[in-house]
Amino acid sequence: MADTEQILAKMKASIEAYDSDAAVAAAKEAATAGMDLLVAVEKGFAEPIRALGEAFARMEIFLPQLILAANAMEAGMAVMEEAITAIGGELETKGVVVIGTVEGDIHDIGKTVVAAMLQSNGYQVHDLGVEVPASRFIESAKSLNADVIAMSALLSTTMLYQRDVIELLNNKGLADKYFTIVGGAPVKQAWADEIGADGYASGACEAVKLLDQHREVWAK
Amino acid sequence: MNFQEVARRGETGMLMEANDFLMQRVAANVMKLQKKYDIKWDGTTLVNLDDDLADRCWEAGKELLLASGVYSMNSRRVIGFNEEELDFALRFAPSRVTMGQGKDVVTIHHRGLEDPRRPFIFGGPFNADTHEDMFVKLNEAFAQERIIDALFFPGYLKELDGQMIRPTSGLSSRAAILYGQWSREAVRRAGRPGMPITGHAVMALNEIACTNEAWGLRSTDPRAMVLISELQVNDVTMTRLAYYQAYGCPIYMAFTPLVGGYGGGPDGTAIIAVASFIASILMGADITHLGPQHLKYKQQTNQHSLFMGSLANQAVARNSHIIATTSHTTAGRPGSAQYAHEFSALALTVVASGSNISGPRPAEPLGFNNVSPLMARLLAEVAHAAAGMTRKQAAPIVEQLHEKYKDKILLKDAPRGQPFEELYDVKTLTPTPEHQALYDKVKEELIALGLPLT
């Protein structure tokens with residue numbers, strides 16, 4: 001049986017090589033090695049993905065690598081989660097985020113970057129895609145027991161639909177249940193304030209900072 | 001290739017998810033082609049001087065498009081092309097397009113590398129949020145700049161009658177109609193009633209409502225549509241294309257490759273840019289517009305985007321007769337010297353590399369009407385002065401300009417600037433003394449740097 005350090009090294013290497021198959025294999029080794037699985041998750045997957053997130057922010061790696069690394073981690077984490085649950089443990093995530101680009105807006109990349117960065121920083125992220133109607137944001141947040149609803153809009157005109165999500169949450173009496181954040185090229189803090197969003201982020205790193213800093217407010 | 005065939009393939013091509021298209025067809029192939037053709041940025045060069053690299057980038061871009069195709073976002077199908085179709089489309093791509101009416105007719109043409117001919121100037125508000133009360137005056141102020149050949153994207157009506165405009169609403173149709181009327185009124189007031197208006201009212205399909213020979217945008221006006229990053233189209237673009245082609249408008253097709261995105265760095269993104277130039281021609285474009293975005297800086301005058309713009313334009317200039325233009329988006333805002341330093345650096349880069357000119361505008365306008373016709377004049381003057389300069393002559397000036405602003409290109413650090421109504425006397429449509437003084441000062445600076453401005 002490989003020792004703990006070797007398994008952790010394999011887990012880390014799988015993320016750094018953006019290799020989902022290797023991440024699954026290393027996670028399976030960890031699951032059967034009798035090691036502390038929560039430590040394995042932190043050292044083997046979380047630390048390297050955070051480092052890649054920082055490298056991405058410095059533009060030392062680019063979007064495809066970040067997405068592949070996030071995919072590798074997701075694949076490995078599925079194995080780890082099952083193993084941790086089997087021994088009665090619970091996997092900690094920072095929080096559950098549903099994210100999407102609002103109705104009428106087909107711009108995908110900015111939202112994808114934010115999703116990947118949140119994921120690489122320990123959030124469980126559910127990407128709803130583009131042209132997401134207000135009701136779908138809310139239904140998804142309910143069904144996934146989300147903490148945060150993140151809305152992207154890349155056009156001045158589609159910003160209106162960010163307002164609609166928040167207005168609909170208010171009308172349904174759900175405004176206090178979710179932390180709402182908005183972003184996108186034409187979006188500013190003033191708009192977030194005007195529509196009653198809980199936060200505004202100008203980019204992916206800022207979104208991570210925003211949620212980390214306001215954890216006390218939104219954590220259930 | 002005609003529209004019908006493109007549309008047919010959009011309904012019958014391979015069905016796949018968008019993420020798979022972007023990761024497997026685009027990102028994976030870019031990585032492979034970068035290695036195959038040895039396309040690598042050295043980390044410092046702003047203006048590419050390597051002709052062989054430009055030619056390799058052209059070949060890589062062609063190969064990427066053949067491998068990836070164009071993704072139809074609504075049908076989720078890939079519009080594929082073969083080599084023969086690609087070569088045929090390039091052979092018969094227009095190399096010159098005439099637009100406008102009467103005495104205001106102008107012609108844009110393909111520019112070669114270090115071409116001595118003056119670039120064509122698309123100048124205007126460039127879709128900056130424009131307030132309805134200022135729309136006509138602001139566009140008149142651009143149109144009265146005779147150095148501008150075609151009015152460019154005459155402002156973005158975000159609000160009308162005190163109401164924010166929802167993209168597919170009746171109000172957005174009304175906004176599109178007024179956009180057409182007011183743009184025509186502006187060029188008429190400037191004494192250029194036939195001046196081409198490059199239309200992009202943005203409001204989904206409703207923008208077609210601004211089309212009218214008598215009072216709006218005409219068949220002699222270029223109409224803009226966008227290939228979505230990367231190498232994607234949607235039904236809105238296809239519908240615009242069908243309508244404007246049938247109506248007879250020159251097709252102005254823009255694409256916005258994302259530096260730091262699926263193409264990776266500036267080198268890989270240049271391959272996507274070349275593929276996008278060619279894809280635009282296959283889709284039916286007459287004029288192609290490179291408007292790169294940057295994941296971190298969100299503007300186009302950073303070192304990555306300068307290099308990318310130089311390499312992609314050179315690839316096109318040397319290997320095709322495509323009509324190319326490049327947009328100018330800056331961190332600094334109108335009313336600041338940085339605004340002019342940034343667009344001058346980019347104009348020198350791309351004009352020497354074979355492009356025409358579109359812009360300028362700030363990447364993040366602060367409020368409404370954050371544009372300056374006087375600065376559009378300066379951009380055009382710089383672009384004219386750059387015509388005939390070699391890349392070796394342009395490069396050191398670009399480097400000196402880049403030095404001036406490189407530490408202030410994050411949008412939060414860039415000068416805030418002023419709106420049109422603070423930079424101009426809106427009754428006489430003349431720049432304020434302060435704005436004129438800024439123009440004079442920057443022009444002196446540029447002359448001192450070696451730019452042959454008069």
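Lettering follows sequence order; numbering is per chain, from 1.
- B:Q232 does not touch chain A: none of its heavy atoms, backbone or side chain, sits under 4.5 Å away.
- Of the residues considered (B:A27, B:G268, B:P365, B:G261), B:G261 shows the highest number of contacts with chain A, using heavy-atom pairs under 4.5 Å.
- Residue contact with chain B, scored on non-hydrogen atoms closer than 4.5 Å, is absent for A:E103.
- Smallest separation of non-hydrogen atoms from B:T329 and B:P362: CG2-C, 4.1 Å.
- In this structure, the portion of A:S202 lying under 4.5 Å from any heavy atom of chain B is its backbone and not its side chain.
- Minimum heavy-atom separation, A:V130 to A:D105: CB-O, 3.6 Å.
- If you measure heavy-atom distances from B:L411 to chain A, you find no contacts under 4.5 Å at all.
- In plain terms, the two heavy atoms of A:A153 and A:T158 that are nearest each other are CB-OG1, 3.8 Å.
- Between A:E82 and A:K28, none of the side-chain N atoms (NZ, or NE/NH1/NH2) sits under 4.0 Å from a carboxylate O, so this pair counts as no salt bridge.
- Interatomic distance, CE of B:M225 versus CG of B:L227, reported as 10.0 Å (0.5 Å rounding).
- For A:I109, the part lying under 4.5 angstrom from a heavy atom of chain B is the side chain only.
- Ranked by heavy-atom pairs shorter than 4.5 Å toward chain B, the options A:K188, A:Q65, A:E131, A:H107 are led by A:K188.
- If you measure heavy-atom distances from B:M73 to chain A, the contacts under 4.5 Å come from the side chain alone.
- A salt bridge is defined here as a Lys NZ or Arg NE, NH1 or NH2 lying under 4.0 Å from an Asp or Glu carboxylate O, and A:K10 with A:E29 meets this definition.
- Comment: B:E207 engages B:R240 in a salt bridge, judged by a side-chain N to carboxylate O separation of less than 4.0 angstrom.
- For A:A190, no part lies under 4.5 angstrom from a heavy atom of chain B.
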